[in-house]
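In what follows, a single structure is set out as structure tokens and then discussed.
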Amino acid sequence: MSDTARHPDGEKPRHLNFLEQIVEADNASGKWGQDAQGHPKVHTRFPPEPNGYLHIGHAKSICLNSGLARSYGGAFNLRFDDTNPAKEEQEYVDAIIKDVEWLTGGHAGYRFGGIFWASSYFERMYGWAEELIQKGLAYVCDLSAEEVGKRRGSIGVPATSPFRDRDPAESLALFRDMRAGKFPNGARTLRARIDLASPNFTMRDPVMYRIIHESHHHTGDAWCLYPMYDWAHCLEDSLEGITHSICTLEFRNNRPLYDWFIDSINKDRGPGSRWGERIHHPQQIEFARLNLTYTVMSKRFLLALVKEARVSGWDDPRMPTICGLRRRGYTPASIRRFCDDIGVTTQESTIDVGRLENAVRDDLNKTAPRVMSVLRPLKVVIENWPEGKIDELDFVINPEDPGAGTRKVTFTREIYIEREDFMETPAKKFFRLAPGQEVRLRWAYFIRCTGVVKDASGEIVEVRATYDPETRGGDAPHGPDGQPLRKVKGTLHWISAQHAIKGEVRLFDRLFNAEEPGKRTGNQLDDLNPNSLERIEAMLDPVLAGAAAGATFQFERMGYFCVDPDSRPGAIVLNRTVTLKDTWAKVGAAGT
RNA sequence: UGGGGAUUGGUGUAACGGUAGCACGACUGACUCUGACUCAGUUAGUCUAGGUUCAAAUCCUAGAUCCCCAGCCA
């Protein structure tokens, strides 16, 4: 028997996680029967409520559920759990569809069951509710929300309702009146008749239906009676033939209720029963939701950030939303890989956000074309380079991908280098440019610094240097033995001053300063990083001029950047997805 | 105070009574026309206390810590 599985995107074998173990055991025992092709049935779903945008935590669930379908030849449904018209909007529906399709790669690799709505099952659910009333397992309760709260009981003290022994016929009539719109919001509820004394509060006669006179984004004004999560969810799963209903840990206490509802419908059902055949009973399984350091994942908090304009929108590249990550330059494959790497268990944990960043670095390193752009320019004048002379040099587009080939870059007398690549009095181990020191300009020439020009305030405004014509292409001259005659430690990126184009670059830092936002003061806003966005004007490689929104590049030595949709002809905007790893930054920080 | 869960290196995750392994990070070093990538090495762990057993992360007992539950939210 196999004890490994494949990464969704490829190669490395890996241990089975607890969900995969369950699926394999079920497949071995034939628990769920077979699909049309004769394979053991595996059917999962992702059931968001359309009351907000999807974030990286949802990505874990999407990858998990679609990944299981992919691994075991099963199917995967996207289903909107739209049971509360007061909170849900079409805008969210549209955004969620887009994000799920983007993340899963257009449903590649598994059978996409389709897009479903809980609200399209309302009639079926209603019928089952009447059945439960007639079986004596549900009753209409006239208590107000406030009264129910008061009568909920407490630990060791049972709840009470004067209506739980109401005659089923009366309940049924009342329930039909509720549906007919004869009562205002909150006047009555339908409650399951389970156990008012249960130590598990979710079993203390939970509400199944409440009255909400409000238009629904999907069903319009067809209903004023809306099902609660517990009643609705198990039925949605059942109707769709879901086998493994995977949800987060906080629903553990709800599992007995999930099972109770299905079992109650199945009570007295079977061949020849007046109620009909038994309905499908999926298995709910809980897993630990994703937590990330320096990140807040709650929908209402993210909504507040948007509403209070602390970010530019749901897709602000600093947001942990899927659309934010997309705009930031994250690829679907990198997010999938991340979700696969962190695993899935029933123990709560917090993942270092650095792992997400590593995932996108890994992916982009293999695919992103390289470009030389200078974020914070410092002019260098090559004193022995003739005025007006132009040289065209070969530039390797992606060393990780030989197939990407080369292109030309233009070298002239005046170039820009990164300000941080020059030190007048170099620190220890600083092997970039400094007076008297020689460096390589990538793919171009060796240059040696001959001096600096300062303005009245003493600020360095220009660096003077000479180049060595023998080093054209960036190679040191070789001796007769084939060995380079000299070596330079530093290689700098650069751009011809005359050819560079100016553009806006947006540099992002973490949205929060604290590893666990809100831990200190109880208010997550207190840990909001006021400097999470920096906009600068940079000197960019001219090839960027024609780049489309969403295109991703590596700025050599500086990081990965992605063209923002705010770009206009002649006014390009780039987002820094993530920096490259920077050992020197660490050395420098340690040295100060 | 009732019920339901969870505790393995810094972090995350394997082990399913039989050698505590892997990944990430950190640290060394090699390589390098990106201080990137890549490669090699080092680092460090079973919540505690008892018990069962030839043998315990795993089984038993007691305790500790953390999380969830008293919405007409999901």
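Every chain is numbered from 1 and lettered A, B, ... according to where its sequence line falls, protein lines coming before strand lines. All heavy atoms count here, side chains included; hydrogens, waters and symmetry mates do not.
Of the P atoms belonging to U7(B) and U46(B), the separation is 16 Å, rounded to the nearest Å. Annotation: G12(B) and A74(B) have their P atoms spaced 32 Å apart (nearest Å). Atom name C1', nucleotides C27(B) and C66(B): the rounded distance is 31 Å, in whole Å. A distance of about 15 Å separates the C1' atoms of U61(B) and A56(B), rounded to the whole Å. Across C47(B) and U13(B), the matching P atoms stand 14 Å from one another, rounded to whole Å. Remark: the separation of the P atoms in C22(B) and A14(B) is 15 Å, to the nearest Å. Rounded to a whole angstrom, the distance from the C1' atom of A44(B) to that of C24(B) is 14 Å. Comparing G10(B) with A26(B), their P atoms sit 16 Å apart, to the nearest whole Å.
With sequence neighbours left out, the salt bridge (Lys or Arg N to Asp or Glu O under 4.0 Å) criterion links Arg255(A) to Glu286(A). The salt bridge (Lys or Arg N to Asp or Glu O under 4.0 Å) check on Arg557(A) picks up Asp421(A), with sequence neighbours excluded. By the side-chain contact (heavy atoms from CB on, under 4.5 Å) test, Ala232(A) is found to be paired with Thr83(A), Met125(A), Pro227(A), Glu236(A), residues two or more places apart in sequence or in another chain being considered. Every side chain to side chain donor-acceptor pair (under 3.5 Å) that His218(A) has, sequence neighbours left out, goes to Ser119(A). Considering only residues two or more places apart in sequence or on other chains, Asp362(A) meets the salt bridge (Lys or Arg N to Asp or Glu O under 4.0 Å) condition with none of them. The side-chain contact (heavy atoms from CB on, under 4.5 Å) search around Asp363(A) returns Thr331(A), Ala333(A), Ser334(A), not counting sequence neighbours.
When each of Tyr209(A), Phe122(A), Trp231(A) is paired with Tyr226(A), the ring pair (Phe, Tyr, Trp, His ring centres under 6.0 Å) condition holds for Phe122(A) and for no other.
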Using atom types as modelled, flag every donor-acceptor pair under 3.5 Å from a side chain in residues 153-161 of chain A to any protein atom, sequence neighbours excluded.
residue, atom, partner, partner atom, Å
Thr160(A), OG1, Arg151(A), NH1, 2.9
Ser161(A), OG, Phe163(A), N, 3.2

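Smallest separation of non-hydrogen atoms from Phe116(A) and Glu240(A): CB-OE2, 3.3 Å.
Rounded to an integer number of Å, the gap from CE of Met372(A) to C1' of A36(B) is 15 Å. Between Trp584(A) atom CH2 and U32(B) atom P there is a gap of 21 Å when expressed in whole angstrom units. Residue Met423(A) contributes atom CE, which lies 16 Å from atom P of G35(B) at whole-angstrom precision. Taking atom CG of Asp363(A) as the reference point, atom C1' of A36(B) lies 16 Å away to the nearest angstrom. If you measure from atom CZ of Phe431(A) to atom P of A36(B), you get 9 Å, rounded to the nearest angstrom. Atom P of nucleotide G25(B) and atom CD of Glu515(A) are separated by 16 Å, given to the nearest angstrom. Whole-Å rounding puts the Leu433(A) CG to G35(B) P distance at 14 Å. Nucleotide G35(B) holds its P atom 12 Å from the CD atom of Glu418(A), rounded to whole Å.
Candidate nucleotides A70(B), U34(B), C37(B) were compared by shortest atom distance to the side chain of Glu400(A), and C37(B) ranks first. Considering only side-chain atoms of Ile155(A), the nucleotide from G25(B), U1(B), U34(B) that sits closest is U1(B). Comparing atom distances between the Ser154(A) side chain and each of C37(B), A70(B), U34(B) picks out A70(B) as nearest.
At least one donor-acceptor pair under 3.5 Å links the side chain of Arg204(A) to the backbone N or O of Ser198(A). Checked by atom type and distance alone, the side chain of Ser245(A) never pairs as donor or acceptor with a backbone atom of Gln284(A) at under 3.5 Å. Distance alone, capped at 3.5 Å, is enough to place a donor-acceptor pair between the Thr471(A) side chain and the Phe446(A) backbone. Between the Glu88(A) side chain and the Asn84(A) main chain, a donor and an acceptor come within less than 3.5 Å of each other.
Within the structure, every pair that satisfies the salt bridge (Lys or Arg N to Asp or Glu O under 4.0 Å) test and touches residues 191-202 of chain A, not counting sequence neighbours, is listed here: Asp165(A)-Arg193(A).
Within the nucleic acid shown, Gly474(A) comes within 4.0 Å of at least one base atom, counting heavy atoms only. Residue Phe430(A) is in base contact, counting any heavy-atom pair closer than 4.0 Å across all strands shown. No engagement by Pro256(A) is indicated, since no non-hydrogen atom pair under 4.0 Å with the nucleic acid exists.
At the phosphate of A36(B), neither OP1 nor OP2 sits under 4.0 Å from any side-chain N or O atom of Arg361(A). Dashed line: the shortest gap from a side-chain N or O of Lys429(A) to OP1 or OP2 of G35(B) is not under 4.0 Å. Regarding contacts with the backbone of U32(B), every side-chain N or O of Lys489(A) stays at 4.0 angstrom or more from both OP1 and OP2.
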The contact string for nucleotides 42-48 of chain B, one letter per nucleotide 5' to 3', using protein heavy atoms under 4.0 Å with B, S and - for base, sugar-phosphate only and none, comes out as -------
Starting at the 5' end of nucleotides 3-18 of chain B, put B wherever the base has a protein heavy atom under 4.0 Å, S where only the sugar-phosphate does, and a dash everywhere else.
-> BSSSSS--BSSSSB--
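Against the 90° criterion about 0, the sugar-base torsion of G12(B) places it in the anti range.
For RNA chain B, the stems formed by at least three consecutive Watson-Crick or G-U pairs, with both atom-pair distances below 3.5 Å, span B:2-7 with B:64-69, B:10-13 with B:21-24, B:25-30 with B:38-43, B:47-51 with B:59-63.
Taking a cutoff of 4.0 Å between a charged side-chain nitrogen and a carboxylate oxygen, Arg432(A) and Glu418(A) do not qualify as a salt bridge.
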Intermediate values then yes/no, ring pair (Phe, Tyr, Trp, His ring centres under 6.0 Å), Phe80(A) and Tyr92(A) | CA-CA 10 Å; Phe80(A) 290 100; Tyr92(A) 299 131; over 10 Å; no
Are there any protein N/O atoms within less than 3.5 Å of an N/O atom in nucleotides 71-74 of chain B, and if so, which ones and at what distance?
residue, atom, partner, partner atom, Å
C72(B), OP1, Arg152(A), NH2, 2.8
C72(B), N3, Gly186(A), O, 3.3
C72(B), N4, Leu143(A), O, 2.5
C72(B), N4, Ala145(A), N, 2.9
C72(B), N4, Gly186(A), O, 3.1
C73(B), OP2, Arg210(A), NE, 3.2
C73(B), OP2, Arg210(A), NH2, 3.0
C73(B), O3', Arg210(A), NH2, 3.1
C73(B), O2', Lys87(A), NZ, 3.3
A74(B), OP1, Thr83(A), OG1, 2.7
A74(B), OP1, Arg210(A), NH1, 3.4
A74(B), OP1, Arg210(A), NH2, 2.9
A74(B), OP2, Tyr229(A), N, 3.0
A74(B), O3', Asp81(A), OD2, 2.9

